[in-house]
Amino acid sequence: MGLMTIGAFARAARLTPKALRLYDQVGLLVPAAVDPESGYRLYDPAQLPVARLVAQLRRLGMPLATIRVVCDLDPAAAAEAITAYWRQVSADTAARARLATLLVDHLSEGGATMSDPNSAVAVRCAAGCDTGLVRDSNEDTAYAGGRLLAVADGMRGAGGAAASAAAVDALKPLALTDVPAADLLTMVAAAVSDADRAVRGLASDADQPVTTLTALLLSGAQLALVHVGDTRAYLLRDGELSLLTQDHTWVQAQVDQGRLDRDQAATHPQRAVLMRALGGGRQVEADLALRTAQPGDRYLLCSDGLSAVVDRADLRSALAAPADPEDTVRELIELARGEGAPDNIACVVADVVAAA
């Protein structure tokens, strides 16, 4: 069979002539020949398998640059690349679905006024880290700024400290961007993906560091909460201490399934095994929530170096005491050290006040 005209080739490949001209321009599917007089593009029938693959990948929504890479791979490698791409699409879709659900719920509860500038608040905050009494290095990171609060706990070993720092650094640009409260969750979700990529970028042949991350971003009176792993966020409001996050650990999953009770989980030898973390396993899945901050609220973000050793009642007492955030951070660290401090300790305390 001889060369095919662009129209015939388009029909056989289930593409349009317009698409073929675009693919020629970007170097993805170059015609076998071009008529020197008419300028018509002519294609070899042997190009049909590639053209059909391109058509199918475009139906998946794959970008042209990615398609070019896939088409240059052998079949097995191409299959792996397509699997990885679709896994990413599925994760992104699930994240958008969660965002949509959260926003719908918030707006249904009267959240249409959430960007009201008259409802703005501010935070007074402090952060602290301590190596503890057993470890010889610190892999935790704590950050407290006017709009961003964050704690990350890197896995012990090579790269742990760099991983926790990279995760928090990836969120810091959020504090410089003034966005409507309605866009907070979308922006935070994108930043978590950036954080995950930053941590994965620290991998070496011998090590893939991972880290947890719990953070709050303030806009007006709204707080976007993001959480991955077993670092925690607490809220003290009207004297009552509430845990705002759920640990992404193996033992917590067993508790959720009724296989362990909370007392068993607290002493289980695998209580620190993470089910979710930045930099490890498949694409990260973060918990996201939108909260309304009220003057008088006090927030605590901490690593398990505090929450795993200090009793909940003692945490509440320390947070309820009439001390400023800096003194409270020091008190919390001393409480962990009083319990032996077997792990690094990181904590952030933030008081919500009416904006001036």
Side-chain angles (χ1 to χ4, degrees), residues 123-135 137-156 160-161 163-165 167-169 171-172 175 211-218 223 225-237 240-249 271-272 274 277-278 291 293 297-353:
V123 294
R124 295 171 182 162
C125 52
C129 281
D130 190 90
T131 302
L133 300 176
V134 175
R135 300 290 178 86
S137 62
N138 176 48
E139 283 80 38
D140 288 2
T141 298
Y143 176 81
R147 293 186 58 203
L148 177 68
L149 313 169
V151 166
D153 182 354
M155 179 179 288
R156 180 163 171 78
S164 66
V168 173
D169 285 345
L171 296 190
K172 287 181 180 178
T211 183
T212 67
L213 177 66
T214 302
L216 289 166
L217 179 67
L218 177 69
L223 280 169
L225 169 65
V226 59
H227 169 66
V228 182
D230 63 354
T231 38
R232 290 184 172 184
Y234 292 89
L235 168 63
L236 181 71
R237 175 177 287 175
E240 181 178 349
L241 184 64
S242 303
L243 177 61
L244 304 182
T245 54
Q246 179 170 321
D247 294 346
H248 298 147
T249 57
R271 60 186 177 277
L274 294 173
L278 296 176
R291 303 189 60 84
D297 288 349
R298 170 167 275 193
Y299 285 89
L300 166 66
L301 275 59
C302 65
S303 64
D304 63 342
L306 178 66
S307 61
V309 298
V310 177
D311 183 82
R312 176 81 166 262
D314 291 335
L315 285 180
R316 195 205 70 80
S317 295
L319 292 168
D324 62 25
E326 291 84 357
D327 289 340
T328 303
V329 165
R330 287 192 287 269
E331 173 64 17
L332 291 169
I333 290 174
E334 285 306 311
L335 284 174
R337 292 175 67 87
E339 296 295 332
D343 199 352
N344 302 151
I345 310 154
C347 57
V348 171
V349 173
D351 291 339
V352 180
V353 298

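Remember, predicted model here, so these are calculated numbers, not experimental data.
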J.: Given Tyr143, which partner from the list Val348, Leu171, Val168 fulfils the side chain to side chain contact (heavy atoms under 4.5 Å, CB included) test?
T.: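 Of the listed options, the one satisfying the test is Val168.
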J.: Please report the closest heavy-atom contact between Ala152 and Leu213, naming both atoms and the distance.
T.: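 Answer, listing the atom of Ala152 first, then Leu213: CB-CD1, 4.2 Å.
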J.: When you compare the side chain of Val226 with that of Thr214, does any pair of heavy atoms fall below 4.5 Å?
T.: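 Side-chain contact under 4.5 Å: no.
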J.: Between Asp297 and Arg237, is there a donor-acceptor pair closer than 3.5 Å when you use the side chain of the first and the backbone of the second?
T.: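 No; judged by distance alone, with no hydrogens or angles, the pair does not exist.
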J.: Considering non-hydrogen atoms only, spot the tightest contact between Ala161 and Thr141 and give its length.
T.: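 In terms of heavy atoms, the two residues are closest at O-OG1, 4.4 Å.
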J.: Does a side-chain heavy-atom distance below 4.5 Å link Leu216 with Leu148?
T.: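 Answer no - side chains too far apart.
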J.: Kindly determine whether Val123 and Tyr299 satisfy side-chain contact (heavy atoms from CB on, under 4.5 Å), including the steps that lead there.
T.: CA-CA 10 Å; Val123 294; Tyr299 285 89; over 6 Å; no
J.: Can you confirm whether Arg147 is buried at CZ, in the sense that more than 12 heavy atoms of other residues, nucleotides or ligands lie under 6.0 Å from that atom?
T.: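 Enclosed: over 12 neighbouring heavy atoms sit under 6.0 Å from CZ of Arg147.
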J.: With rounding to the nearest 0.5 angstrom, report the CG to NZ distance, Leu217 to Lys172.
T.: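 Nearest 0.5 Å value for the CG-NZ distance: 14.0 Å.
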J.: Looking at every non-hydrogen atom in both residues, tell me the closest pair between Cys302 and Leu306 and how far apart they are.
T.: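 Closest approach of Cys302 to Leu306, heavy atoms only: CB-CD2, 3.7 Å.
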J.: Without swapping roles, check the side chain of Thr245 against the backbone of His227 for a donor-acceptor pair under 3.5 Å.
T.: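 Judged by distance alone, no pair lies under 3.5 Å.
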J.: Within a strict 4.5 Å, meaning less than it, do heavy atoms of the Thr211 and Met155 side chains meet?
T.: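 No - every pair of side-chain heavy atoms lies 4.5 Å or more apart.
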J.: Starting at OG1 of Thr212, measure out to CG of Asp304 and round the result to the nearest 0.5 Å.
T.: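 If I round to the nearest 0.5 Å, the distance is 7.5 Å.
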J.: Is the backbone of Thr131 close enough, under 3.5 Å, to the side chain of Asn344 for a donor and an acceptor to pair up by distance?
T.: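 Such a contact is found between Asn344 side chain and Thr131 backbone.
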J.: May I have the step-by-step check of side chain to side chain donor-acceptor pair (under 3.5 Å) for Asp230 and Thr249, ending in yes or no?
T.: CA-CA 7 Å; Asp230 63 354; Thr249 57; over 6 Å; no
J.: Would you indicate whether the side-chain heavy atoms of Leu218 and Val352 approach each other to under 4.5 Å?
T.: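 Contact flag for Val352/Leu218 side chains = no.
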J.: For Tyr234 and Leu315, run side-chain contact (heavy atoms from CB on, under 4.5 Å): C-alpha distance rounded to whole Å, both residues' side-chain angles, the deciding distance at 0.1 Å, then the answer.
T.: CA-CA 10 Å; Tyr234 292 89; Leu315 285 180; 4.0 Å; yes
J.: Would you check if Glu339 and Asp311 make a side-chain contact, meaning some heavy-atom pair closer than 4.5 Å?
T.: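 Side-chain contact under 4.5 Å: no.
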J.: Does any donor atom in the side chain of Arg298 or Thr328 lie under 3.5 Å from an acceptor atom in the other side chain?
T.: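 Result is yes, a qualifying pair exists.
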J.: Any side-chain heavy atom of Val151 within less than 4.5 Å of one from Cys347?
T.: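 Side-chain contact under 4.5 Å: no.
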J.: Where is the tightest heavy-atom contact between Ala167 and Leu278, given as atom of each residue plus distance?
T.: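 Between these two residues, the closest heavy atoms are CB-CD1, 3.7 Å.
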J.: Looking at side-chain heavy atoms only, is the closest gap between Arg337 and Ile345 below 4.5 Å?
T.: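 Yes, side chains in contact.
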J.: Is Asp324 salt-bridged to Arg124, going by a charged N under 4.0 Å from an acidic O?
T.: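 Salt bridge absent between Asp324 and Arg124.
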J.: Any donor-acceptor pair under 3.5 Å linking the side chain of Arg316 with the backbone of Leu236?
T.: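 No; judged by distance alone, with no hydrogens or angles, the pair does not exist.
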J.: Between Ser164 and Glu139, what is the shortest heavy-atom contact and its length?
T.: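 Scanning both residues, the minimum pair turns out to be OG-O, 2.8 Å.
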J.: Do Leu241 and Arg312 have side chains that get closer than 4.5 Å, going by heavy atoms?
T.: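 Leu241 reaches Arg312 side chain to side chain.
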J.: Test Leu319 against Leu332 for side-chain contact (heavy atoms from CB on, under 4.5 Å), laying out the working first.
T.: CA-CA 8 Å; Leu319 292 168; Leu332 291 169; 4.3 Å; yes
J.: For Asp343 and Gly305, which heavy atoms make the closest approach, and how far apart are they?
T.: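 Smallest heavy-atom distance, with atoms named: CB-CA, 4.0 Å.
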J.: We want to know whether Thr231 and Asp153 form a side-chain donor-acceptor pair, criterion being a heavy-atom distance below 3.5 angstrom.
T.: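 On atom types as modelled, these side chains do not qualify, holding no pair under 3.5 Å.
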J.: Can you tell me how far the CG atom of Leu301 sits from the OG atom of Ser307, to the nearest 0.5 Å?
T.: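 So the CG of Leu301 and the OG of Ser307 are separated by 11.0 Å.
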